[in-house]
Amino acid sequence: MAESLLERSARYIDGSVYEGPESINPVDRSFHEIADGVGMVCGFSHIWTLDTGEGLVVVDTSQPDWASAALEHLRRWRDVPVDTIVYTHGHVDHVSGAPVFRDDAMERRRPSPRVVAHDAVGRRFDRYELTRGYNDVINARQFGRRYRAGFFDFDWLRPQVTYSDGLELAVGETRMQLIHEKGETDDHTIVWVPQHGVLFTGDLVIWAFPNAGNPQKAQRFPLEWAAALRRMIDLRPSLLAPAHGLPVAGTERIARVLDDTATALEGLVADTLAMMNAGASLDEILHTVRVPTDLLERPYLRPSYDEPEFVVRNIWRLYGGWHDANPARLKPPPDHAVAAEVAALAGGAGALARRAAELCEAGELRLACQLVEWAAQAAPADEEVHAARAEVYRVRRGSELSLMARNIFRDAHYASKSRLQPEQAAD
């Protein structure tokens, strides 16, 4: 008999088993009835649904392809109207499938679902409208070939019902509490359904180290995230329904996951603030503050997407601003001017590139990247330099655990590889 998702999550959590990111985050469009009246469609973000007896409540809609698959599953599971859609937050992978639900309702001559969200979701959509081009650039780096250019070029299905702190929501006899929390975003909602014991967490639980750093995205809130996790423990849910990763059953098991995640975030914040208060620079803090290894080895806290070093930067930005305490970087010269001066001192861009290759071979990858960047900025048309840069970032990409770091380094690798003649560009 096939192992259920709940059985898999219990095995991983209870036995500290880790079998890779694919095993903990299914995205195969499959449908699972996790509990009586609670369904899950596995997607880039999961689509959760609750049968209230008088229509379905859908928590997050993923992206259009997954939304279409979800509707096919839901028709076979419960061929009743979708009454309500709740956005846990306004990220594209959680909301862009909503028009599929709306259009399906129109085609079937049913009322369109009402959309409910925190009142900051609309402001997020406004910001996305202002930064469409930028979002294309950064998401292409962050997600690589999986990202489709122009993904932000659509009309947002905006919520018709919004709230500020909390909202009691009823569909039929089912009562839900929508609670505002901060964490990955400032517009986050958790959905607590006491009569089912189920807690829909959105991205506050993702079966990876919390996405509280993300070097290319807006401010995250790690201490508020930890506080939200502690409040979630107090609710004593018996079923945890995250937007990414596996569902979790059992009050004590759920509490362990939430407590470990909160502890990791609280430690980062406390240690970073202690050094800030003692006058340390960002550079000192970045190379000092760490999450205990035993926490990072938990199957639900592996730094496979974001990572603690990036979270430290976000803590500094939240509490200390953007200046990193190095006075030379308050009003710095252009990068290319620094690169040219360093290259001249080193004996040319080629010398920098060759030294970068030596450092790369010795495993000094941080230094190697800095030197090869200076070389490329000093001699942007030099194929020897770009060959070295491509190789340094190929090695650096392979050494990293987090998707964000790997793909940013991958982007740099391919940028230099594209500058080479075909015989040089071959892997």
Side-chain angles (χ1 to χ4, degrees), residues 134 137-138 141-142 182-186 208-227 261-293 295-296 301 303-339 341-342 352 356 359-360 363-374 376-377 392-393 396-397 399-409 411-412:
Y134 176 70
V137 170
I138 63 175
R141 279 199 298 258
Q142 182 163 318
K182 284 186 176 181
E184 184 181 24
T185 69
D186 62 356
F209 197 84
N211 182 15
N214 203 318
Q216 302 182 103
K217 301 293 180 72
Q219 181 69 58
R220 270 73 166 127
F221 306 92
L223 192 58
E224 291 86 348
W225 193 328
T261 308
T263 297
L265 290 171
E266 289 162 348
L268 279 180
V269 174
D271 292 348
T272 299
L273 287 177
M275 292 190 70
M276 290 175 70
N277 286 329
S281 67
L282 177 58
D283 180 71
E284 293 174 287
I285 296 170
L286 284 173
H287 294 96
T288 302
V289 172
R290 297 289 182 269
V291 173
T293 302
L295 283 177
L296 292 181
L301 278 178
S304 58
Y305 185 54
D306 204 339
E307 57 184 275
E309 181 174 331
F310 299 156
V311 178
V312 169
R313 285 187 177 275
N314 240 343
I315 296 167
W316 177 282
R317 178 172 66 167
L318 179 62
Y319 295 107
W322 58 264
H323 178 45
D324 64 2
N326 181 331
R329 285 195 285 263
L330 180 64
K331 298 183 72 174
D335 285 348
H336 68 83
V338 175
E341 188 65 21
V342 171
L352 280 177
L359 288 167
C360 180
E364 296 288 347
L365 296 178
R366 293 184 185 237
L367 276 174
C369 288
Q370 179 61 79
L371 293 191
V372 85
E373 277 303 298
W374 279 332
Q377 289 164 354
V392 167
Y393 281 115
R396 185 74 187 271
R397 175 186 63 179
S399 74
E400 296 292 333
L401 295 176
S402 76
L403 177 143
M404 294 179 193
R406 285 199 315 274
N407 281 352
I408 289 173
F409 294 140
D411 184 74

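Here the structure is a predicted model, which means the values were calculated and not measured. These values consider heavy atoms only, across backbone and side chains, with no hydrogens, waters or symmetry-generated copies.
Of all non-hydrogen atoms in V392 and A356, the two that sit nearest each other are CG2-O, 4.1 Å. Taking every heavy atom of both residues into account, V291 and A264 meet most closely at CG1-CB, 4.2 Å. Closest non-hydrogen pair, A212 versus L265, comes out as CB-CD2, 4.3 Å. Heavy-atom minimum distance, F310 versus P215: CD1-CD, 3.8 Å. When all heavy atoms are compared, the tightest approach of N211 to W225 is N-CH2, 3.4 Å.
Remark: E184 CD to D306 CG distance equals 8.5 Å, nearest 0.5 Å. For the atom pair NE2 of H287 and OG of S281, the computed distance is 10.0 Å after rounding to the nearest 0.5 Å. The CZ atom of R406 sits 11.5 Å away from the OH atom of Y305 when rounded to the nearest 0.5 Å.
Formation of a donor-acceptor pair under 3.5 Å by the R220 side chain with backbone atoms of T185 is not found in this model. Between the D411 side chain and the N407 main chain, no donor and acceptor come within less than 3.5 Å of each other.
The neighbour count for Q219 CD, taken as heavy atoms of other residues, nucleotides or ligands under 6.0 Å away, is above 12.
Not counting sequence neighbours, R313 has no partner by the side chain to side chain donor-acceptor pair (under 3.5 Å) test. The ring pair (Phe, Tyr, Trp, His ring centres under 6.0 Å) test applied to F209 returns no partner, not counting sequence neighbours. Taking the salt bridge (charged side-chain N to carboxylate O under 4.0 Å, His left out) definition, one finds that R290 meets it with nothing, sequence neighbours left out. When the side chain to side chain donor-acceptor pair (under 3.5 Å) test is applied to E400, the partners found at least two apart in sequence or on another chain are R396. For the side-chain contact (heavy atoms from CB on, under 4.5 Å) test, residues two or more places apart in sequence or in another chain that qualify with V289 are L268, D271, T272, M275, I285, V312. Take A262 and apply the side-chain contact (heavy atoms from CB on, under 4.5 Å) test, not counting sequence neighbours, and it matches A226, L229, R230, E266. Annotation: side chain to side chain donor-acceptor pair (under 3.5 Å) contacts of S402 (sequence neighbours excluded): E307. Remark: R397 pairs with no residue by the salt bridge (charged side-chain N to carboxylate O under 4.0 Å, His left out) rule, at least two apart or across chains. By the salt bridge (charged side-chain N to carboxylate O under 4.0 Å, His left out) test, D186 is found to be paired with R124, residues two or more places apart in sequence or in another chain being considered. Applying the side chain to side chain donor-acceptor pair (under 3.5 Å) criterion to R141, with sequence neighbours excluded, gives Q216.
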task: Under the side chain to side chain contact (heavy atoms under 4.5 Å, CB included) rule, what do N214 and Q142 come out as? Steps first, then yes or no, please.
output: CA-CA 9 Å; N214 203 318; Q142 182 163 318; 3.2 Å; yes
task: Begin with the C-alpha distance, continue with both residues' side-chain angles, and end with the deciding distance and a verdict on side chain to side chain contact (heavy atoms under 4.5 Å, CB included) for V311 and I315.
output: CA-CA 6 Å; V311 178; I315 296 167; 4.1 Å; yes
task: List the steps and the verdict of side chain to side chain contact (heavy atoms under 4.5 Å, CB included) for W322 and R317.
output: CA-CA 5 Å; W322 58 264; R317 178 172 66 167; 5.8 Å; no
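For the pair P308 and L296, the minimum side-chain heavy-atom distance is below 4.5 Å.
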For residues 363-373, dump all side-chain donor-acceptor pairs below 3.5 Å to protein atoms at least two apart in sequence or in another chain.
residue : atom : partner : partner atom : Å
R366    : NH1  : E309    : OE2          : 3.2
R366    : NH2  : E309    : OE1          : 2.7
E373    : OE2  : R389    : NE           : 2.6
E373    : OE2  : R389    : NH2          : 2.8
E373    : OE2  : Y393    : OH           : 3.0

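Identified under the side-chain hydrogen bond (donor to acceptor under 3.5 Å, both in side chains) test for residues 326-339, with sequence neighbours left out: D324-R329.
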